[in-house]
Amino acid sequence: MNNTPLLKIEHLDKHFGRQHVLNDLTFSIDKGEFVSILGPSGCGKTTLLRVIMGLEPPDSGTIVHNGQDITHLKPNKRGFSIVFQDYALFPHLNLYDNIAYGLKLQKLSHDEIKKRVMPTLELLRLKEAVKKLPSQLSGGMQQRAAIARSLVLGNDLLLLDEPFSALDAVVKVDLGDELKELQRRFGITMIMVTHDQEEAFSLSDRVIVMQKGHIAAFDTPEELYLNRSGDEFIKSFITDQINKRARYVRKLIGGAGHEED
Ligand SMILES: Nc1ncnc2c1ncn2[C@@H]1O[C@H](COP(=O)(O)OP(=O)(O)O)[C@@H](O)[C@H]1O
Ligand SMILES: [Mg+2]
C-alpha cells in the first residue's frame, strides 16, 4: 500500500513586507481527498494556494508532491491546475482550445491533442460545446471544462479559489454537488479555498480552518462541529453561523431528524 501523501507542506512561511501572511504551516493531504481551506477574508487563503501552485515563492518551508520536493519548481512543472473565481477559462478561446491549451504548450501534435481532448470532452458531457466561448457556457459547463483541463494534462491536484462566490445559492449547491461527484469519479485531489462554512462543510472530507496565517484546526467537518467548544476562534467562527444554517449541519451529521423552524 502506498501511504505517501499527495501533498506534504512543512513549516511554510511567507511575509508581505512586515505582514506575516503564512505562519509556519504544516499539513498533509492524501490522494483523492477533498480539502477546504476555510477562513475569513484576508487570513492568507489565496496566498497559500498561490504558494502551492508556485505562483508565489515562500520565504521558507517545503512543499512535497508524491514524495518529490517541488518547493522551487516552476508552476507548469508541478502538475497542478488552478481555478480562480473569475477566470477558470481563457475568455477569447473556444472550449476546445481552452482544454487543448496546456497540451499545445507541451508541443504535442495536432492529432495527439485531439485524441486526448475529445474523449475527455465526451466523458464530461461537453462535446456539443467544443466551439463555444466560455461566456456561452453555463456555470456547470465551465466547471466541467476546468476539470477536463486537469484530466487531459494528467494533473492529480486541482486547486480552486472561491469557485462559487459569484453564484446565487441554488446554483452554488448544484455546482458543489456536481464538483464533489466528479472529484470522486475521477479521484482528483482537490483543495478549495472558501470563506463559506456551509460550502466547506458540505463538500469536504477535511477542512483547514485558517486564522491570520496559521492553521487553527484541520479536521473532518463532523469533528470540527462537535469540538466547537475547544478553541475560542473555532467556536466563534463556527457557531456564528450554526443557528442560521442548522439545516446543513443536520444533514452533515447524519441527515437524521426533521426540519424545525
Ligand atoms: N501581492 C501582495 N502584496 C502585498 N500584500 C498582499 C499580497 N497578496 C496578499 N496580500 C495581503 O496578504 C493578506 C492575505 O491575503 P490573501 O491571501 O489574499 O487572503 P484571503 O485569500 O484569505 O482573503 C492580506 O492582508 C492581503 O492584503
Ligand atoms: Mg482570497
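Just so you know, ligand 1 is whichever comes first in the structure, and atom 1 is the first atom listed for that ligand. The residues of the chain are indexed from 1 along the displayed sequence.
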Examine distances only and state if a side-chain atom of Glu199 and a backbone atom of Thr194 form a donor-acceptor pair shorter than 3.5 Å. no
In ligand 1, the atoms that come under 4.0 Å of a heavy atom of Ser41 are 23 (O)
Short version for Thr47: what comes under 4.0 Å of ligand 1, heavy atoms counted, is both
**Q.** Per-atom contact, atom 27 (O) of ligand 1, protein heavy atoms, under 4.0 angstrom
**A.** no
Does atom 13 (C) of ligand 1 have a protein heavy-atom neighbour under 4.0 Å away? yes
Taking Lys45 first and then Asp161, would you say they form a salt bridge - that is, a charged N and a carboxylate O separated by under 4.0 Å? no
- Task: Let me see the working for Arg116 and Glu112 under salt bridge (charged side-chain N to carboxylate O under 4.0 Å, His left out), right down to the final yes or no.
- Result: CA-CA 6 Å; Arg116 278 215 235 169; Glu112 272 174 281; 5.9 Å; no
Within-4.5 Å side-chain heavy-atom neighbours: Leu7 and Ile63: yes
- Under 3.5 Å donor-acceptor, Asp13 side chain and Asp24 backbone: yes
Side chain of Lys14, backbone of Leu22: donor and acceptor closer than 3.5 Å?
no
Answer yes or no for Gly44: is there a heavy-atom contact with ligand 1 below 4.0 Å? yes
> Relative to the ring of Phe218, is the ring of Phe27 parallel (under 30°), tilted (30 to 60°) or perpendicular (over 60°)?
Replying inline: perpendicular
Closest to atom 23 (O) of ligand 1 among protein heavy atoms sits Gly42 N, 2.6 Å
heavy-atom search around atom 7 (C) of ligand 1 in the protein gives Phe16 CE1, 3.3 Å
- Task: Would you check if the Mg ion (ligand 2) lies under 2.8 Å from any N, O or S atom of Thr46?
- Result: yes
for atom 18 (O) of ligand 1, nearest protein heavy atom and its distance come out as Thr46 CB, 3.7 Å
Per-atom filter on ligand 1: closer than 4.0 angstrom to a heavy atom of Gln19 are 11 (C), 12 (O), 13 (C), 24 (C), 25 (O)
